[in-house]
Amino acid sequence: MTMDGGKRPGLWRVLLVALVLFALTGSSFLAGFGVTWFRQPRASADSRLPLVWEAWSYLERYFYGTVPASQELLYGMIDGALATLEDPYTRLLRPVANVMEQDRLRGSFGGIGAVVHEQDGALILRPLPESPAEKAGILEGDRLLAVDGVALPEGADTDLAVSRLRGQVGTTVTVEVHRPATSESLTFSVERTEVPQPTVDYRLIENGGESVGYLHISLFGEKTAAEVQRALASVRRDGVTKLLLDLRDNPGGLLDSAVEVSSSFLDDGTVLYEVSSNGSERRYSVRPRATVIEPLVVLVNRSTASAAEIVAGAL
């Protein structure tokens with residue numbers, strides 16, 4: 001199965017999740033190992049990658065400017081190696097991006113219940129209704145300055161701020177803000193609670209006097225299949241006989257989630273075949289639990305990728 005415009009097979013993008021998660025899970029280890037490795041005597045290091053260490057030595061000795069930290073240089077080396085593959089879907093995610101991706105796939109996270117957005121170079125908070133942030137006294141428009149006493153660096157992006165605000169449910173985080181309305185700097189102690197991130201939206205839409213079910217999946221995470229089953233239970237209660245399944249702009253996610261969701265609509269058969277680089281092949285069969293709805297229309301676009309492509313192709 002391929003997308004239009006000569007894109008890579010969608011399966012590769014799903015398989016990439018496993019590759020990326022492996023790289024991400026190991027990134028902290030690799031970074032620590034790499035920094036230690038860089039500090040070893042040149043003799044032992046040169047026996048492994050002489051050209052790399054020669055370039056490293058020239059960089060340390062002659063570069064006119066600030067040399068990045070060893071960990072950033074290590075990331076850069078990995079980025080460069082992956083770039084030679086000429087595959088935009090094989091890449092290294094930095095630790096902050098990894099945290100965000102893991103939370104998305106998990107379907108929930110421990111947080112204070114506030115949206116962070118950038119405005120004129122500042123990180124602005126907007127607490128959600130009845131959230132811990134709102135109950136603690138944080139107001140919409142407060143500018144985030146520091147988390148747990150650690151100031152956010154100048155030019156910090158929203159992902160870094162969000163990753164620091166998130167943490168284990170039940171733990172407390174200290175949030176320092178500047179309130180433009182009163183020119184005050186305020187500090188709040190907020191207990192993290194579980195913040196759900198639903199991936200499925202279901203509602204009824206009217207079409208020429210009849211009701212049509214509309215089911216939108218934004219991501220294939222750990223809880224998506226269960227959310228789809230709950231949505232289909234609503235479909236049955238509503239007596240809906242026509243359904244729109246919207247997979248537009250869905251970047252994909254977990255392979256097992258794609259198989260489970262496909263099985264929600266298929267009686268039997270094969271969802272996909274996974275072919276590995278060594279030529280081995282694995283078949284993923286339908287796991288019978290189908291809700292037969294006809295007609296079923298699947299909406300896709302050029303940004304329907306990975307697990308979403310697999311579901312669309314299987315249906």
Side-chain angles (χ1 to χ4, degrees), residues 7-8 12-13 15-105 116-125 143-167 173-178 185 251 277 305:
K7 292 188 178 181
R8 298 294 181 98
W12 275 106
R13 268 164 279 181
L15 296 179
L16 173 63
V17 172
L19 172 63
V20 169
L21 292 180
F22 168 78
L24 296 176
T25 304
S27 63
S28 297
F29 165 78
L30 287 173
F33 176 77
V35 172
T36 303
W37 194 12
F38 293 151
R39 295 291 179 258
Q40 289 180 351
R42 292 296 185 196
S44 62
D46 288 349
S47 65
R48 305 184 190 194
L49 295 170
L51 185 59
V52 169
W53 301 123
E54 182 180 359
W56 189 279
S57 296
Y58 279 118
L59 181 66
E60 290 180 325
R61 212 183 317 168
Y62 298 118
F63 180 69
Y64 187 75
T66 302
V67 178
S70 296
Q71 183 166 301
E72 286 304 311
L73 285 173
L74 175 65
Y75 290 154
M77 291 169 61
I78 297 172
D79 287 337
L82 296 179
T84 64
L85 302 176
E86 298 183 353
D87 179 5
Y89 306 109
T90 302
R91 59 193 177 92
L92 174 71
L93 294 184
R94 303 296 195 267
V96 170
N98 177 36
V99 171
M100 305 294 290
E101 185 67 17
Q102 295 287 344
D103 286 344
R104 290 177 67 226
L105 294 174
V116 183
H117 69 275
E118 189 273 336
Q119 180 178 313
D120 298 328
L123 297 172
I124 307 301
L125 294 171
R143 176 179 176 180
L144 181 61
L145 300 178
V147 179
D148 282 336
V150 180
L152 290 161
E154 185 177 352
D157 60 18
T158 57
D159 282 353
L160 176 60
V162 170
S163 68
R164 290 189 179 180
L165 291 172
R166 293 182 182 182
V173 60
T174 301
V175 182
E176 184 180 343
V177 305
H178 171 74
S185 289
S277 59

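E72 has its side chain out of reach of V67: every pair of non-hydrogen atoms, C-beta onward, lies at least 4.5 Å apart. Contact of the V162 side chain with the D159 side chain is not registered, since no non-hydrogen atoms from C-beta on lie closer than 4.5 Å.
Summarising the geometry of A156 relative to L123, their closest heavy-atom pair is O-CD2, 3.7 Å, with the distance given to 0.1 Å. The minimum heavy-atom distance between A146 and A151, with the atom names listed, is CB-CA, 3.7 Å. Considering every non-hydrogen atom in both L73 and P68, the closest pair reads CD1-O, 3.6 Å. The nearest pair of heavy atoms linking L152 to R164 is CD2-NH1, 3.6 Å.
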Item to check | Test log, rule side chain to side chain contact (heavy atoms under 4.5 Å, CB included), inputs R94 and D79 | outcome: CA-CA 11 Å; R94 303 296 195 267; D79 287 337; 2.8 Å; yes
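For CZ of F63, the number of neighbouring non-hydrogen atoms (other residues, nucleotides, ligands) closer than 6.0 Å is greater than 12.
A distance of 11.0 Å separates OG1 in T158 from CG in L144, rounded to the nearest 0.5 Å. Once rounded to the nearest 0.5 Å, the distance linking CD of E60 with OG of S70 reads 7.5 Å.
Residues that satisfy the side-chain contact (heavy atoms from CB on, under 4.5 Å) test with L145, not counting sequence neighbours, are R143, E176, H178, S185.
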